[in-house]
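Let me begin by presenting the structure, written as structure tokens, before commenting on it.
Residue numbers begin at 1 in each chain, while the letters A, B, ... track the order of the sequences.
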Amino acid sequence: MAEKVKLNRQTMCDRLAMEFQDGWIVNLGVGMPTLCSNYKDDSRELIYHSENGVIGYGPIAEEGHEDKHLVNAGGQNVIAIPGMAIVHHADSFMLIRGGMIDVTVMGAYEVAQNGDFANWRIPTRKGGGIGGAMDLAACAQRVYIAMEHTTRDGKPRLLKQCALPVTAPGVVKLVSTDLGLFEIGTDGFILKEHAPGWSVEEIQELTEAKITADPNLCEVKTRDNQSSNQGSGRHYVV
Amino acid sequence: MKNKVFSTFDEAVKDFQDDSVFMSPGFGNVGVPRNLLSAVNRQGAKGLTGISNNAGALGDSIDVGTLIQAKQVKKMICAFTAPTHPSQVTPFVEMYNNDELDAELVPQGTMAERIRAAAAGIGGFYTPTSVGTELAEGKEHREINGRMHVLEFPLHADYALIKAYRADTFGNLQFRLAGRNFNPIMAMAAKTTIVEVEKEIVEVGQLDPDQIHVSGVYVNRIVLIPEDGIFY
């Protein structure tokens, strides 16, 4: 078996970005999910939507080339590209609730085997941070999650049921962690791809929910190995 | 047409009432009416309820947090009442944690639509957002087309503080890029709409009617940001 490796954040996000299909309208959450836009695939065209009403923005602006009037959901200055359109906030969420977002990628504290996830509130702290997450989670066509497999002190995040208040029930389709790629099916987490050197049993030990290994289980596809990988085909959730 | 230009921000907010409700747009430091917020801070109105995406950023920039820090605000209605990282302690977070002010947490899209509903004269609307979460508890639920929704009500305000890119003297407004965000819907939802203008205020007739984002009929007072004002 290969040396045991935990995937870095870019590789976790690359794997989700490989699923995006030509023409999809994509909304990336603040933080780790924005790394998805670093994955390049010239065979497809994606439209990035930001909840502040920017439809079809380009890459992060290089220093000295910022337009102070143009930011993405994380407040980063982005570049205008041909075809970009601007709408106000109510129209931006009309687009979200209306089901126009093909995929949203978010971070999470926990994901449950029934597709519930939690990312807005920790009950020991007062208040919460929702932003656009509940609208996106409830109404996007697909919700993908990118997160570390365990908490900093080693507790599982893939659970039988969420302990924290949920953001939306039953919506998560795909989870990319530093240990593998998981689809959520009717019987819970299906391990589709594993991090190099990790066995199903080793991943199960760090997972509260029961995981089922896909018959075509393979190593996680990366920028380097995706063409040579003999896994079960590229797209899991269409 | 009526000329709504005021020469100073202080004059434009002179009659700002205690215990009133105000809306403050902006997203990621763009489209924030910093000059008007600064003027309300100087004017000193107290007991205010603020409606804004967030309750102020970290750092020294003037925003809603300036009024919160000055204890002018009793309640915030916003989409963030806790920071994304516990280390980000804004004046709002500190006072909220000490129960020194009240807050209502609203999903961002629900907030935007509640503001739009107020502007549109709609008494409420059903949304699937928040169904199955803590935020839906106690709200009226209704299944529509096989999907569960919750009832949400409009958000009205006494004042909207708006940042526009360009205006004419009647108050027709244009915004630029992501500076639009909450500005148009807030401008249309409040009883009194006060606007700071970044680039220029032109004569009536000089703006292309097809390129006006908010009609001047919604706007009461406009002020051009002076050279020594706050632009970003």
Side-chain angles (χ1 to χ4, degrees), chain A residues 29-31 50-54 57 67-78 80 84-99 107 116 118-139 164-171, chain B residues 25-31 53-55 57 78-84 86 92-93 96-99 103 105-117 119-120 127-136 147 165 175-186 198 213-214 231-232:
Chain A
V30 176
S50 174
E51 44 266 47
N52 56 339
V54 187
Y57 62 86
D67 183 326
K68 287 185 171 175
H69 286 109
L70 189 57
V71 294
N72 64 12
Q76 298 163 299
N77 287 107
V78 289
M84 185 178 81
I86 303 289
V87 296
H88 63 58
H89 236 89
D91 280 355
S92 181
F93 279 85
M94 182 177 107
L95 185 152
I96 293 171
R97 275 192 310 272
D116 292 2
N119 76 350
W120 69 280
R121 186 166 101 79
I122 294 179
T124 51
R125 293 187 212 143
K126 197 173 174 189
I130 300 175
M134 279 192 185
D135 299 278
L136 283 159
C139 302
L164 297 170
V166 302
T167 306
V171 294
Chain B
F27 186 102
N29 283 332
V30 188
N53 184 47
N54 64 46
C78 49
F80 298 90
T81 55
T84 33
F92 168 83
V93 169
Y96 184 52
N97 287 340
N98 292 331
D99 296 320
L105 184 59
V106 184
Q108 201 174 114
T110 297
M111 189 166 95
E113 192 64 13
R114 288 177 67 189
I115 294 164
R116 199 198 73 83
T127 174
T129 300
S130 88
V131 168
T133 76
E134 274 182 10
L135 289 194
R147 183 156 197 206
Y165 184 68
F175 302 93
R176 185 170 177 273
L177 299 174
R180 197 180 310 187
N181 62 70
F182 284 95
N183 275 287
I185 52 174
M186 288 181 170
E198 178 178 336
H213 300 131
V214 172
F231 284 85
Y232 296 106

Discussion item. Which residues in residues 89-96 of chain A have any heavy atom closer than 4.5 Å to a heavy atom of chain B?
Written reply: A:His89, A:Ala90, A:Phe93
Worksheet item: How many angstroms lie between CG in B:Asn53 and CD in A:Glu51, if you round to the nearest 0.5 Å?
Response: 9.0 Å
Response to the item:
Interatomic distance, OG1@B:Thr133 vs CD1@A:Ile130, rounded to 0.5 Å, equals 7.0 Å
Worksheet entry | Which residues share a side chain to side chain donor-acceptor pair (under 3.5 Å) with B:Thr129, sequence neighbours left out | A:Asp135, B:Thr127
Quick one: of [options], who has the most non-hydrogen atom pairs under 4.5 Å with chain B?
options: A:Asn72, A:Asp116, A:Val166, A:Val54; value: A:Val166
options: A:Ala138, A:Gly31, A:Ala118; value: A:Ala138
options: A:Pro165, A:Gly128, A:Gly74; value: A:Gly128
options: A:Ala73, A:Ala168, A:Gly170; value: A:Ala73

Fill in: More than 12 heavy atoms from other groups under 6.0 Å of NZ on A:Lys126
yes
Between [X] and chain A, which part of the residue has a heavy atom less than 4.5 Å away: side chain, backbone, both or neither?
X: B:Arg116; value: side chain
X: B:Phe182; value: both
X: B:Arg147; value: side chain
X: B:Asn97; value: both
X: B:Pro128; value: both
X: B:Val93; value: neither

Most heavy-atom pairs under 4.5 angstrom with chain A, which of [options]?
options: B:Gly28, B:Gly31, B:Ala82, B:Pro25; answer: B:Ala82
options: B:Glu198, B:Arg176, B:Met186; answer: B:Arg176
options: B:Asn54, B:Val106, B:Ile115, B:Leu135; answer: B:Leu135

Worksheet item: Can you say whether A:Asp67 sits under 4.5 Å from chain B via the side chain, the backbone, both, or neither, judging by heavy atoms?
Response: side chain
Fill in: Contacting region of A:Val30 [heavy-atom separation from chain B under 4.5 Å]
neither
Minimum heavy-atom separation for [X] and [Y], please, with both atom names.
X: A:Asn52; Y: B:Ala178; answer: ND2-CB, 3.7 Å
X: B:Phe27; Y: A:Val71; answer: O-CG2, 4.0 Å
X: B:Asn181; Y: A:His88; answer: O-CB, 3.5 Å
X: B:Leu177; Y: A:Leu70; answer: CD1-CB, 4.1 Å

Worksheet item: How about B:Tyr165 and A:His69: are their ring centroids closer than 6.0 Å?
Response: yes
Item to complete: Return yes if some donor-acceptor pair links the side-chain N/O of A:Arg97 with the main-chain N/O of B:Gly109 below 3.5 Å, else return no.
Response: yes
